[in-house]
*Asks:* 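My questions all concern the structure below.
Indexing begins at 1, ligand by ligand and atom by atom, following the structure's order. Numbering starts at 1 and runs along the sequence shown. Computed over heavy atoms, backbone and side chain alike; hydrogens, waters and symmetry mates excluded.
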Amino acid sequence: MKKFTYRTVTSDYASDWRVLRLEGARDFPLGFLVTLEEMAAADIARCGDILKGGHIRGVYDVEKLVGFCGYRPQQLEQTKHRGEIGPFFVTQKYHGSPAAMVMMTGVIGEAREDGLEQLELFVDTENSRAIAFYERFGFERIATHRDGVRIAGNSRDDFFYTLRL
Ligand SMILES: CC(C)(COP(=O)(O)OP(=O)(O)OC[C@H]1O[C@@H](n2cnc3c(N)ncnc32)[C@H](O)[C@@H]1OP(=O)(O)O)[C@@H](O)C(=O)NCCC(=O)NCCS
């Protein structure tokens, strides 16, 4: 486990991050709101600009980026106790390894350091692997979000999960 590390993905990793996003959208469409075509339209320069926003965290096998997650603490006075995570993705070769665990542990730790009291996420109701993973960390299912996403025009439901920190 020692070899995996968690840190912010900087624009130096724009090309690697772009490859991972494309893999995710292609192989795990239930895990992404963005379509493969929308992902492909974002070139390396655009990916670098998104990364400069500072909202993407990564898990690294030594220096190789093998997964990423969005981390968005709320900014408003009345909601700043909350933060949203997602998308949350680890490249397939590393499924079942500690990589996803290191990334989730990292983002939970960062949220605590930031003073957040609640992490939130949405997950497709049929994404059973991700659901099992989130529940292992103590995320609780709060609600079903009906018709949250339409994949190729087909309506899909999400679960809304929260973790009290
Ligand atoms: C979600 C994800 C990050 C989890 O990482 P991982 O390395 O696969 O997770 P783990 O292997 O540690 O844990 C997965 C859990 O699902 C279980 N599992 C494995 N295959 C499963 C399946 N087909 N159905 C249900 N559960 C499954 C595992 O046994 C494990 O459960 P446990 O903790 O009770 O043992 C990773 O699978 C991923 O990137 N998926 C594609 C993107 C995605 O869907 N992201 C979520 C978007 S909301």
*Asks:* Between the main-chain N or O of Ala14 and the side-chain N or O of Ser11, is there a donor-acceptor pair closer than 3.5 Å?
*Replies:* no

*Asks:* Need the ligand 1 atom indices (1-based, order shown) with element for anything under 4.0 Å from a heavy-atom of Gly31.
*Replies:* 44 (O), 47 (C)

*Asks:* Go through the structure and list residues passing salt bridge (charged side-chain N to carboxylate O under 4.0 Å, His left out) with Arg129, not counting sequence neighbours.
*Replies:* none

*Asks:* Under 4.0 Å from any heavy atom of Ala132, which atoms of ligand 1 are there?
*Replies:* 15 (C), 16 (O), 31 (O)

*Asks:* Determine whether the side chain, the backbone, both or neither of Ser128 has a heavy atom under 4.0 Å from any heavy atom of ligand 1.
*Replies:* both

*Asks:* Where on Arg136 is there a heavy atom closer than 4.0 Å to ligand 1, on the side chain, on the backbone, on both, or on neither?
*Replies:* side chain

*Asks:* Kindly state if atom 23 (N) of ligand 1 has a protein heavy atom within a strict 4.0 Å cut-off, that is, under 4.0 Å?
*Replies:* no

*Asks:* Which atoms from ligand 1 have a heavy atom of Gly96 less than 4.0 Å away?
*Replies:* 6 (P), 7 (O), 8 (O), 11 (O)

*Asks:* So for ligand 1, is Val123 a polar contact partner (N or O within less than 3.5 Å, distance only)?
*Replies:* no

*Asks:* Is a donor on one side and an acceptor on the other found under 3.5 Å between the side chain of Asp158 and the backbone of Gly148?
*Replies:* no

*Asks:* Regarding atom 45 (N) of ligand 1: of the candidates Tyr134, Phe88, Phe32, which has the closest heavy atom?
*Replies:* Phe88

*Asks:* Flag the pair Arg46 and Glu38 as a salt bridge only when some basic side-chain nitrogen lies within less than 4.0 angstrom of an acidic carboxylate oxygen.
*Replies:* no

